[in-house]
Every structure is written in structure tokens, then in C-alpha cells.
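Take a look at the structure set out below.
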Amino acid sequence: MVGGHNMKNETENRKSFSQMRRQNRNQNIFQAILIIALIIILNVLSSQVFFRADLTKEKRFSISDFSKQVLDSIDDDIYIEIFLKDKELPAELVRYQRTVDDFMKNLCRYSSNIRYEFKNPFTEHSGEEQSFVQKWFGFLSDEEEVEPLEKKKIFAQLYNKGLNPTYIVQEEGMGGSEKIIFAGALVKYKEKDFPVNLLTNSVSGNTPYTMLSTTELEREFVHAIWMLSSRQIHKVAFLEGHDELDENRTYDIMSSLSKYYRIERVDMNGSLTALDDYGCVVIAKPQKRFNERDKYIIDQYIMNGGKVIWLVEWMQFDMDSLNNHPTAMALMNDINLSDQLFNYGVRINPDLIQDLRCLQIPVCVNTVEGKPQFEPKPWYYFPLIVPDTLLEHQLVKNLDVMRTCFVSSIDTVGEDPNVKKTILLRTSPYSKALSHPVEISLDILREKPEMLTFNKPNIPIAVLLDGEFKSNFANRLPPELTDNKDFKFKERSKATQMIVISDGDFIRNETKRMGDKVQPYPLGYDKYYDAQYTPGNTQFIVNCVNYLCADEGLISLRMRELKSRTLNATKVRSEKIMWICINSIAPVLIVLFIGLTMIVLRKIKYSKKEK
């Protein structure tokens, strides 16, 4: 009886244990199916609803406060056509397309008025919306290319609107394919549109194009929206009539400023109201004397709140003077503006600065088989300017390096409490100033510099003047203007600003003559060495005009700070083995620990149930 009872109990235990295992297996299968279903649902929802948590310190994946203000000011729908859709895009552009898509989704979070669409401008659209499966798996709907004649028309239309074509070459096995795409966008608002180029041409030529970062995408798209929705666009005048830099030599900076303002070349021709309609006036390296009437027009423009950028210099010298002779003299050129600038609070000195931190020029050091051999040598008369990191002014924040050419020193003068003077740009700690007249010789390229003579550090070359200025013509008004009833003389200005830079070439771009045409290069381009490209000149001048035209928000958007957190090289070398071991062994140990823990817990769990 006892044996039979035990057998019965064992049979029941086996059944209950088998039933329990079956229940656990069913439960595990149900949990697995539930988890898979949840993953699928979350993926579907995430593709329909954009969400991003920005955990970076400087919020590099969030838009700036100025961008939010611009988007809040939109009072109508904005439609954006993005021409970055093609079946044969290179892999890097396919990834870039996703980056642009993520950015646009983020932008739409801040404004319900924005709609966007990816398009191929050279294909015919069927008008049918893509199915969910096509969108989910990224399949492109069947589209046929337009006829060649129609393609040429579309090409011309996009180019005329400001979009730049990009030449794409793809290697495929033993051959390859070539095509031209317009990787850009058209932002449309109230029957107006504005172009945004999503690829930039590489200045160095090492790569055919450069893709924009997320911050640069924000800058370009928000700038386009700002231009379309802005109620007032300022006009900026480039002064003419005194042998200033011509249109070809200021082409690049005018193109950069034309993204924000209407640019015009203005000759005053003695008209007392010639400058009244302009938000800012740029005086770029005048070479001829200003008469008193022209000085009076500029003075009264400032007295009425006008803003001026002075790019003037007293020392005259051209590098071409050294082509035939190794030595030449830099002489003073009096253009009759020194008294006016002195009255406003600055003095440009008749000297030339030498700086050990400078550009290099090629020098012939040898001749091999009749061919000259060149080597780069430092040319101390072309100082490189690095923005002062201790100066927190927004005009110089996050600027790249800048170039100068035969630059002079600036002194701040006067004790007018109504005028605040801020030094914006300085030379390096290893510089000096040579007083007029200056003999310039190529011999310094072959000699070692005397370090003890470079003993005048941080020489100012750019100054911001801010306040209420006294007229340069107070108590000495010309007789022909005293009796002019149509023009009211002002002895003290409104609150205004001006910027003085003691290098007229700071704004000049290089040019190349091609037959009857002149080809301008980008400002900062170096005709000798590509590595000496200096984009800071353009950045600084655009910042100056933005600041003077009270568009500081554009500066914060364009010069947004993103810190590069590099690894400590010394620490990497000393702790290299330790971190290799941690990264290689730690994951394995963690997996083993979790596995052993689960085995132990299962044994404890089932042993309790058997009891």
C-alpha cells in the first residue's frame, strides 16, 4: 500500500511539474510575442512622431533662441522643396538625406506652419502619395525622367533661383557613372522663394563638396525664413569716387552681405542726402583725397544715426613693386581723413606692422635644370590675426583666423565720456611697428628675425566706437553750407556706432584676369597656398554689418559655439592598455555574471516548488 501510494504521488508530481513547465513555456512565448509586438508598435510610432532628447551641454541638436523667435514670427504657411531625392545617390548623400530629414522634423516641432517635401526636380511626379510600405522601407515610387529639353529648362530655372549644381562621380566596378544634381532647397513663403544650398564647394579641392552640419542647416534654413518674413531689409552702400576697391575686388564680400541686405555702389557726387537711405556705409581702401564737402556728407550721415565701417590706411605699398627690385619704399598717402577719425576717437598711425605670426610667400631658393625652386617663407608684413579669446564681444566670438596686408597700428584718442571704445582685433605678442617712411626688402626672408626687436605685443588694428559723437564740423561749417536752408546741421549725433580697421585690403579678394573677363576668388583665398585660406575676414565683416544694422541675432545664429571635446593625448597613451582590457574583458564578465545569476535564481525557484 505504501509503495503504491508513493508511486501515485510521484506520478502526480511529474504531471504537475510537466504542467508547470508547459505553463512557463506558454508564458515565455506570450511574453516574447508581446515584446516583439511592442517593438514593432514603437518603431511605427517613432517613424510617425519625431522625438529627440538633446543631452549635450551646448544643446547642439536644439535650435537657438533666435531661431525660435524667427519661427514664432511666421504668420503664414512655409513650403520647403528639398531636391535631395534620387535612386542613384552616393551612400554618403543617402545618409545626409536622413540628417536633413531629421533636422526638418525638429524644425517642424517649433512651427506648425512649416511643410516640406523631398523631390527630384528632373522626374515627373505621378501625383500618387507613397504608400505606408514605401515610406517605411524607403522605397522610391516609380518616376520617369523628364525630356532632355524640359530638363535643360528646369536646370536653368534652378540655377537662376540661386541653387548651385553639384557634379557627382560614382565608381561602379571597373567603370563609373557621372551626373549633375541640385542638392538644395527652395523655401517658399507668400509667393516668394529663397534658395538654400545643402552642399558647399570645397576651397581646397581635396573633396568635390562638403555637407552641412546640423548647426549649419539651422543657420541656412532659419536665415532663409528670416529673409522671406522680415518686414525691412536694410540697404548697405559701398562708397565710390575716391579710388576705392572696385566691384571685382570686393565681389566676394558683397556676395556674402547680399544674403542679408541690398548692396549698392554709391558715388556721393556732392549730394547732401546721398547716404540717407542706407543702414550702413562701407568705405573700402580709398586712395584719393576726400574734399570737405564729401567729409561733411559722411559726418552728417553719422550725426543722424548712420553707421560706417572705415577700412582705411595711410601707408601705400603694392607687392608688385618687388617684382623687379628686391627693395622698395612704402610712402604715406594723405587722403584727408585723419582729422575726422581723430575727432571721432581714433588715430591711424603712419607705420607698418611686422608680426612673427604671419602668412608665408614663395621664395626662389635654387635653380635646377633652369627651373626655379620655391620654398615658403614667412612674410612679416602679412600678420595673421587670431581673435582675442578673452574678449567676450559677439563680433569676435568663434571667428576663424584673419589675414592682413601691410596693416598699420591704431590708437584710441580723446576723453569724450559719450563715446565707448572697444579694441576688437590685435596682433600677436610678437610684433612691432615700423614708422614712416618704411623700406620694404625681400632680404628679410633670408635672415633670421631678431626676436628682441619684436617687443610691441598686441597692437590694435580694429576698434569699435559706440556712443554720441561730436561733429567734425562743429564751429567750422563751410560757408556754402551755412546758408543752405534745405539741410539742417547737427553738432552732436544720435547714439550710433562705427568700426575702424587700419587695413584697406582686409576686405579685398584676389582676382584673375581671363581674357576680357575678371574672375574673383573667395575672400581669404591665398594665391600661393591653399592651406592659408582664411575665412575669418568674411565672418568678421559680415558680423560687423549685422551688428551695425542691429541684426545681432544673425551673429548668434551664424557664430554659434560648439566645443570640440578632444581626448587627452597624454592620458590616452598612459592608460591605453587599461582601457583596452576594460573594453574587451568587462562586457564578457558582465554577460557571464548575468548568466550565472539567472541559473542560480532558476535553481532556487524550482527547488522551492518541488518542496
Side-chain angles (χ1 to χ4, degrees), residues 41-56 58-86 89 93-121 125 127-141 161-163 182-199 211-230 259 553-554 556-558 560 562:
I41 292 171
L42 288 174
N43 273 279
V44 172
L45 291 176
S46 65
S47 67
Q48 302 299 317
V49 180
F50 180 78
F51 174 77
R52 170 184 284 167
D54 191 352
L55 303 179
T56 58
E58 61 268 20
K59 299 298 179 185
R60 66 176 61 202
F61 298 109
S62 301
I63 67 173
S64 64
D65 292 336
F66 175 75
S67 299
K68 294 175 184 176
Q69 293 174 11
V70 172
L71 296 177
D72 287 340
S73 66
I74 299 172
D75 58 4
D76 204 346
D77 289 340
I78 287 182
Y79 177 62
I80 302 175
E81 291 180 317
I82 304 172
F83 305 119
L84 198 61
K85 179 182 177 183
D86 198 292
L89 283 178
L93 290 184
V94 173
R95 291 191 295 270
Y96 184 46
Q97 184 188 55
R98 298 193 193 103
T99 301
V100 175
D101 189 36
D102 286 343
F103 169 77
M104 294 307 305
K105 288 176 180 176
N106 190 28
L107 204 66
C108 291
R109 290 173 56 198
Y110 297 94
S111 177
S112 58
N113 292 323
I114 296 177
R115 295 183 297 111
Y116 71 96
E117 181 182 5
F118 285 88
K119 284 185 175 181
N120 185 340
H125 301 277
E128 297 179 2
E129 190 176 352
Q130 282 188 310
S131 67
F132 173 77
V133 175
Q134 286 177 315
K135 290 181 178 179
W136 176 255
F137 290 101
F139 296 147
L140 294 175
S141 56
K161 286 183 178 292
L163 294 180
F182 278 88
L186 283 178
V187 183
K188 299 183 177 182
Y189 177 76
K190 290 184 176 179
E191 299 181 354
K192 298 184 293 183
D193 54 46
F194 195 91
V196 173
N197 287 294
L198 300 177
L199 298 178
M211 292 172 281
L212 304 183
S213 66
T214 303
T215 306
E216 290 170 329
L217 287 172
E218 178 190 350
R219 178 193 69 198
E220 295 298 326
F221 278 103
V222 172
H223 165 240
I225 295 172
W226 178 82
M227 286 293 292
L228 291 172
S229 60
S230 180
K259 297 178 181 178
L554 293 173
S556 64
L557 176 64
R558 192 173 54 256
R560 190 174 175 187
L562 293 178

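By convention here, the first residue in the shown sequence is residue 1. Values below: every heavy atom of this structure, side chains too, minus hydrogens, waters and symmetry copies.
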message: Between Ile78 and Asn113, does the side chain to side chain contact (heavy atoms under 4.5 Å, CB included) criterion hold? Intermediate values first, please.
response: CA-CA 6 Å; Ile78 287 182; Asn113 292 323; 5.6 Å; no
message: Could you check whether any side-chain heavy atom of Leu199 comes within less than 4.5 Å of a side-chain heavy atom of Tyr96, counting everything from C-beta outward?
response: yes
task: Show your reasoning for whether side chain to side chain contact (heavy atoms under 4.5 Å, CB included) applies to Leu217 and Leu107.
output: CA-CA 10 Å; Leu217 287 172; Leu107 204 66; over 6 Å; no
task: Side-chain contact test, heavy atoms from C-beta onward, threshold under 4.5 Å: evaluate it for Phe118 versus Leu84 and give yes or no.
output: yes
message: On a heavy-atom basis, which atom in Ser67 and which in Glu218 lie closest, and how many Å separate them?
response: OG-OE2, 2.6 Å
query: Got a donor-acceptor contact below 3.5 angstrom from the Lys192 side chain to the Leu228 backbone?
result: yes
Pairwise side-chain contact, Met227 with Lys259, heavy-atom cut-off 4.5 Å (strictly under): no
- prompt: Is Asp72 paired with Lys68 through a side-chain N to carboxylate O contact shorter than 4.0 Å?
  reply: no
- prompt: Between Leu163 and Phe182, what is the shortest heavy-atom contact and its length?
  reply: O-CE2, 3.4 Å
field: Heavy-atom check, side chain of His223 versus side chain of Val196, under 4.5 Å
entry: no
message: A side-chain contact here means heavy atoms from C-beta on lying under 4.5 Å apart; do Asp101 and Gln97 qualify?
response: no
message: Main chain of Val70, side chain of Ser73: is a donor-acceptor contact present, judged purely on distance under 3.5 Å?
response: yes
- request: Kindly give the heavy-atom pair with the smallest separation between Asn120 and Lys85, and that separation in Å.
  value: CB-O, 3.1 Å
message: Evaluate Arg115 against Ile80 for side chain to side chain contact (heavy atoms under 4.5 Å, CB included), listing each step before the verdict.
response: CA-CA 6 Å; Arg115 295 183 297 111; Ile80 302 175; over 6 Å; no
message: Quick check for you: to the nearest 0.5 Å, what is the distance between Ser111 atom OG and Ile74 atom CD1?
response: 4.0 Å
field: Backbone of Ala185 reached by a side-chain donor or acceptor of Asn197 within 3.5 Å
entry: no
- prompt: Is the shortest heavy-atom distance from the side chain of Thr99 to the side chain of Phe103 under 4.5 Å?
  reply: no
field: Ile82 versus Leu198, closest heavy-atom pair with distance
entry: CG2-CD1, 3.9 Å
query: Checking side chain to side chain contact (heavy atoms under 4.5 Å, CB included) for the pair Asp193/Val187: CA distance, chi angles, key distance, verdict?
result: CA-CA 5 Å; Asp193 54 46; Val187 183; over 6 Å; no
message: If I take atom CD1 from residue Ile114 and atom CZ from residue Phe221, how far apart are they, to the nearest 0.5 angstrom?
response: 10.0 Å
query: Will you find, in the side chains of Tyr116 and Glu81, an N or O donor that is under 3.5 Å from an N or O acceptor?
result: no
- request: Could you tell me whether the side chain of Leu212 reaches within less than 4.5 Å of the side chain of Glu220, counting heavy atoms only?
  value: yes
task: Taking the side chain as every heavy atom from C-beta outward, state whether Ile225 and Phe194 have any atom pair closer than 4.5 Å.
output: no
- request: Apply salt bridge (charged side-chain N to carboxylate O under 4.0 Å, His left out) to the pair Lys190 and Asp75, showing each step before the final yes or no.
  value: CA-CA 10 Å; Lys190 290 184 176 179; Asp75 58 4; 3.2 Å; yes
